[in-house]
Amino acid sequence: MTIRIVHYINQFFAGIGGEEKADHKPEVREGVVGPGIAFQQAFGEEAEIVATVICGDTYFNENMAAATDEVISMMEKYKPDLVICGPAFNAGRYGIACGAVAEAVVDRLGVPVVSGMYPENPGVDMYKKSAYIIETSNSAAGMRKAVPPMARLALKLARGEKIGSPEEEGYIPRGIRQNEFAAERGSKRAVEMLVKKLKGEQYVTEYPMPVFDRVAPGPAVKDIKKAKIALVSSGGPVPKGNPDRIESSSASKFGRYSLQGIDDLNPENSETAHGGYDPVYANEDLDRVLPVDVLKEMEKAGEIGSLHEYWYATVGNGTSVANARRFAAEIAKELNAAGVDAVILTST
Amino acid sequence: MVHMCTVVPISLTVGANRIVPTVAIPHPLGNPSLNREDEKKLRRKLVEKALNALQTEVSGQTVFE
């Protein structure tokens, strides 16, 4: 019997449009759409993509509970044996949508899901426990490489076959431990590992420790009327013309911009450099991303001590974690040196 | 630091400790469907919420609804 598959994709991969169409509401189409063609080829006769559910990334992320319900009820009608989500590569909102759909499919429809993402996609950490997420490259250029392992794992899951380790199948480790028989007992393996470690040789741990990137909360600001507040944003707010040419995606730098003489952001003095959301509203009035007008008023009225003279901006769109960490360290150093007491960080 | 953003689950995943949910992804601190005056009032409310969050002691990740 042919395996029935339903595919979830976003508005971009459906060919509906880019960020200007990211508020597209869920819709279902019979058969394959966009990347589904490549999956269908990989499945051959064994499986059929019976329907494709499409939803805009912004709509999904802004209405997560309702969008999930809508998507699941559309999928349910097609009685899938398996669901494929994405792949989402390094698109953050798409990854979260794929992950949320995957989790709901497993919970409510009780069928397996395969997705695909770049390891730094925020959808990975949030949903790797719920679904098999094949590791992909960071852009859609990696589609041809992403499809074969996703299709292979999908068929295995749908047939109810045993799934191998993350290394064998190409999925991102889910943090699920499974019992298996080893040739040697644990104490012997542990001692051998220790000896290798002491000798400085390569060894493979059997239980990698999770890495939690957490910081202790800063103390509360005692007197906001005396505090110097700084604005930082990953939404790409820059002076008109983007003088530092901060990239619209995968930013390699951040900018520092003076607020001297500026009481209000407007289309004459500012714009967004961000390529990952519809820029129309930000370009009309950048206070919608960076609340300069309100904070300047508060500064004048004495509601805050002062607004730091500079704002810091980068574009958080597929930006690597390594770059983001570096930006943060440099920005924090400058803010500390300038005697800033607290930061308002805005994100789009 | 206070993080003002619309997709709170991302903020929680990346480890922000003070989080203020905002309006929408392309306009976190505004709403183009309101008139200018009401939109600014909305923005002021959100900023006040952020300042309040900064003045609140927290022991772990906290969302200021």
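Numbered from 1 within each chain, the chains take letters A, B, ... in sequence-line order.
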Value for CE (A:M126) from CD1 (B:I10), rounded to nearest 0.5 Å, stands at 6.5 Å
Turns out that what part of A:I224 lies under 4.5 Å from chain B's heavy atoms comes down to both
Ranking A:V221, A:D223, A:V280 by heavy-atom pairs under 4.5 Å to chain B gives rank one to A:V221
So OG1 of B:T6 and OH of A:Y277: to nearest 0.5 Å the spacing works out to 10.5 Å
- prompt: Got a salt bridge between A:E297 and B:K40, using NZ or NE/NH1/NH2 to carboxylate O under 4.0 Å?
  reply: yes
Cut-off 4.5 Å, heavy atoms of chain A, and the answer for B:L12 is backbone
- prompt: Can you find a pair of side-chain heavy atoms, one from A:L295 and one from B:V47, that are under 4.5 Å apart?
  reply: yes
Report yes if some heavy atom in the side chain of B:V2 is under 4.5 Å from a heavy atom in the side chain of A:L345; otherwise report no. no
Answer key: most heavy-atom pairs under 4.5 Å with chain A among B:P28, B:A50, B:G30 is B:P28
I'd like to check B:P26 versus A:E62 (side-chain heavy atoms, cut-off strictly below 4.5 Å). Are they in contact?
yes
**OP:** For residues A:R214 and B:Q61, determine if any side-chain heavy atom of one lies less than 4.5 Å from a side-chain heavy atom of the other.
**Re:** yes
message: Measuring only between side-chain heavy atoms, which start at C-beta, is B:L29 closer than 4.5 Å to A:V289?
response: no
Whatever's closer than 4.5 Å to a heavy atom in chain A on B:T56 counts as backbone
Minimal heavy-atom distance between A:P291 and B:R43, with the atoms involved, is CB-CD, 3.8 Å
Honestly, the part of A:E303 sitting under 4.5 Å from a heavy atom of chain B is side chain
Rounded to the nearest 0.5 angstrom, the NE2-OG distance for B:H3 and A:S234 is 5.5 Å
Of A:L286, A:D285, A:L290, the largest count of non-hydrogen pairs under 4.5 angstrom with chain B goes to A:D285
Among A:N61, A:T346, A:D125, A:D287, the residue with the most heavy-atom pairs under 4.5 Å to chain B is A:D287
Q.
Within the structure provided, determine whether A:V294 and B:K41 are in side-chain contact (heavy-atom separation under 4.5 Å).
A. no
Q.
Quick check: do B:L51 and A:I229 have side-chain heavy atoms less than 4.5 Å from each other?
A. yes
Assert top hit (heavy-atom pairs under 4.5 Å, partner chain B, pool A:V232, A:D293, A:T58) equals A:D293
Side chain proximity check, A:R288 to B:P32, heavy atoms < 4.5 angstrom
yes
Okay, A:A216 and chain B: the region with an atom under 4.5 Å from a heavy atom over there is backbone
